[in-house]
Amino acid sequence: MDIDPRHVDEVLTTTRAVRRRLDLERPVDNQLLLDCIDLAEQAPTGGNLGSRRWLIVRDQAVKDQLGELYARTALPFMSATAQRLRGTGHPQERVMASAEYLAQHLAEVPAIVIPTIIGRHDGNGRPGLFDSVIQAAWSFCLALRARGLGTTWVTAALEDEARVKEILGIPAHMTEIALFPVAWTKGTEFHRAPRHPARAITYFDRFGSTSERGPAESLRFEDGPGVTVEIDVEAAPATLWRFVCDPKVATAFSEESIDAKWESDERGVGAVFVGRNHHKAVGEWELPCFVDACDEPSAFGWRTSDPANPGARWRFDLEPAAGRTRLRFSYAIGPGPSGQTVAIANHPGKEHRVLRRRLAEVQANMQRTVEGIKQLAEESR
Ligand SMILES: Cc1cc2nc3c(=O)[nH]c(=O)nc-3n(C[C@H](O)[C@H](O)[C@H](O)COP(=O)(O)O)c2cc1C
């Protein structure tokens with residue numbers, strides 16, 4: 001049978017967390033759920049052991065107890081956060097309002113499905129067992145979506161494990177993995193979610209090593225090779241902002257950066273600073289740096305030498321991450337001439353080695369810089 005990847009891709013890209021669009025009125029047949037569980041059971045399983053056990057809850061009294069439990073464990077936090085974010089346009093605003101809705105209506109869904117696995121997931125280092133359940137649970141969600149049903153991957157309802165086990169009679173040797181409120185969806189049109197593009201989060205051969213094109217089997221200048229480092233900082237993006245948009249800060253941490261001076265008073269896109277650097281093999285050099293991104297408090301970037309044909313591009317991204325900030329610092333070589341093009345020309349046949357060595361040096365300095373910024377930001381809170 002030929003598989004049309006467009007249909008598969010549609011399911012893979014539009015299986016969203018459905019909460020407000022769950023149809024609480026339309027009954028769901030048990031056989032439909034069992035069909036989806038049969039499909040989910042085709043997922044890989046470590047050692048080919050069938051250790052997954054599924055629970056379908058239809059009894060209203062049991063659903064009421066689960067609803068009360070979810071409301072008790074999650075609703076205070078969800079309602080307070082939904083209230084705080086209302087009208088702010090914050091990326092989590094809609095998610096929180098919808099999560100609050102689900103926590104208020106859990107007992108009204110036609111069915112609740114809970115995948116469990118034999119064994120205790122208590123950090124006992126048995127990935128062959130516990131990593132056998134997530135993929136089956138997700139296959140279940142995909143199978144629902146393909147049939148016009150929907151759900152949300154809920155874990156907050158399982159936090160009080162003792163009470164969950166008590167309500168459902170789950171033996172102590174089992175682990176509950178997720179709780180799925182299942183219903184027909186109101187409408188079947190769902191959209192792709194905004195996510196990091198693969199190029200930004202996929203590394204080649206070495207952790208942190210990026211490629212804008214390609215890569216070929218070895219590093220090539222023309223592919224736009226680069227590196228990315230990341231660190232989680234216990235501070236809000238606004239607290240980090242003044243450190244990431246001050247190029248002088250790196251001089252305290254990077255072994256290469258000695259100085260940075262703004263050419264003008266202006267600081268936004270188009271502003272220029274001159275960076276002075278030192279390298280034991282090259283000596284000292286200066287480079288004009290042209291700010292090409294200044295989006296407070298989420299992105300600050302610049303390009304070196306020639307804004308139209310830069311020698312390299314540098315960028316900080318600040319992403320809110322559950323009360324913290326995920327600070328990402330990335331660097332890409334080219335496409336214009338730089339010390340790297342000179343080194344490559346001077347070492348024929350050694351392009352890969354020249355680039356690999358340079359990326360490793362830059363990555364180490366970038367790592368020192370983000371660690372330094374983390375320290376400054378956390379101290380200044
Ligand atoms: C491990 C995990 C736990 C989750 N726990 C909850 C939860 O307790 N309650 C809830 O409403 N949503 C929960 N979600 C759903 C996420 O909020 C949702 O996937 C996220 O907002 C992205 O939305 P999307 O899946 O539609 O792209 C959970 C998702 C995952 C993967």
Side-chain angles (χ1 to χ4, degrees), residues 9-22 24 40 43 52 55 57 63 65-86 88-109 111-117 121 123 127 130-146 148-161 163-164 167-168 175-183 185-198 201 319-323 326:
D9 293 356
E10 176 67 13
V11 172
L12 289 171
T13 50
T14 63
T15 303
R16 299 267 69 80
V18 187
R19 304 183 184 94
R20 281 194 272 218
R21 286 177 61 192
L22 294 173
L24 304 178
R52 301 177 282 244
L55 201 58
V57 181
K63 285 195 289 182
Q65 290 181 67
L66 290 174
E68 277 162 31
L69 179 63
Y70 192 27
R72 177 164 60 71
T73 45
L75 206 44
F77 164 77
M78 284 174 180
S79 300
T81 315
Q83 182 66 32
R84 185 164 50 77
L85 298 180
R86 202 154 287 148
T88 61
H90 189 279
Q92 287 294 95
E93 181 185 348
R94 288 186 61 207
V95 173
M96 269 303 154
S98 127
E100 179 190 30
Y101 170 88
L102 180 61
Q104 286 162 341
H105 295 273
L106 182 69
E108 297 162 46
V109 296
I112 295 174
V113 178
I114 301 173
T116 69
I117 189 147
H121 198 342
F130 293 108
D131 294 352
S132 288
V133 68
I134 300 289
Q135 62 277 46
W138 184 237
S139 289
F140 175 74
C141 299
L142 298 173
L144 292 176
R145 165 77 180 127
L149 295 118
T151 190
T152 288
W153 191 295
V154 172
T155 52
L158 301 175
E159 272 168 26
D160 184 350
E161 197 195 6
R163 180 69 185 134
V164 173
I167 294 171
L168 298 168
T175 303
E176 307 80 33
I177 298 298
L179 180 148
F180 295 129
V182 180
T185 57
K186 295 182 191 163
T188 52
E189 202 62 35
F190 290 89
H191 299 288
R192 267 182 114 100
R195 295 283 199 258
H196 291 296
I201 52 162
E319 193 179 288
R326 185 149 298 157

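Here the structure is a predicted model, which means the values were calculated and not measured. Both counts, for ligands and for their atoms, begin at 1 and track the order of listing. Positions are given from 1, in the same order as the sequence printed here.
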In Arg145, Arg192, Glu189, the residue satisfying side-chain hydrogen bond (donor to acceptor under 3.5 Å, both in side chains) with Thr14 is Arg145
Are Arg52 and Phe140 in a cation-pi setup, meaning NZ or CZ lies under 6.0 angstrom from the ring centre and within 45 degrees of the ring axis? no
Hey, does Ile112 have a side-chain heavy atom less than 4.5 Å from the side chain of Leu106? yes
Distance-only polar pair, side chains of His90 and Glu93, donor-acceptor under 3.5 Å: no
What pairs with Arg94 under salt bridge (charged side-chain N to carboxylate O under 4.0 Å, His left out), at least two apart in sequence or on another chain? none
Does Thr185 reach the main-chain N or O of Gly187 with its side chain, forming a donor-acceptor pair under 3.5 Å? yes
Ordered by chain then number, the protein residues lying under 4.0 Å from ligand 1 by heavy atom are Arg16, Ala17, Arg19, Tyr70, Val95, Ala99, Thr152, Trp153, Val154, Thr155, Ala156, Ala193, Arg195
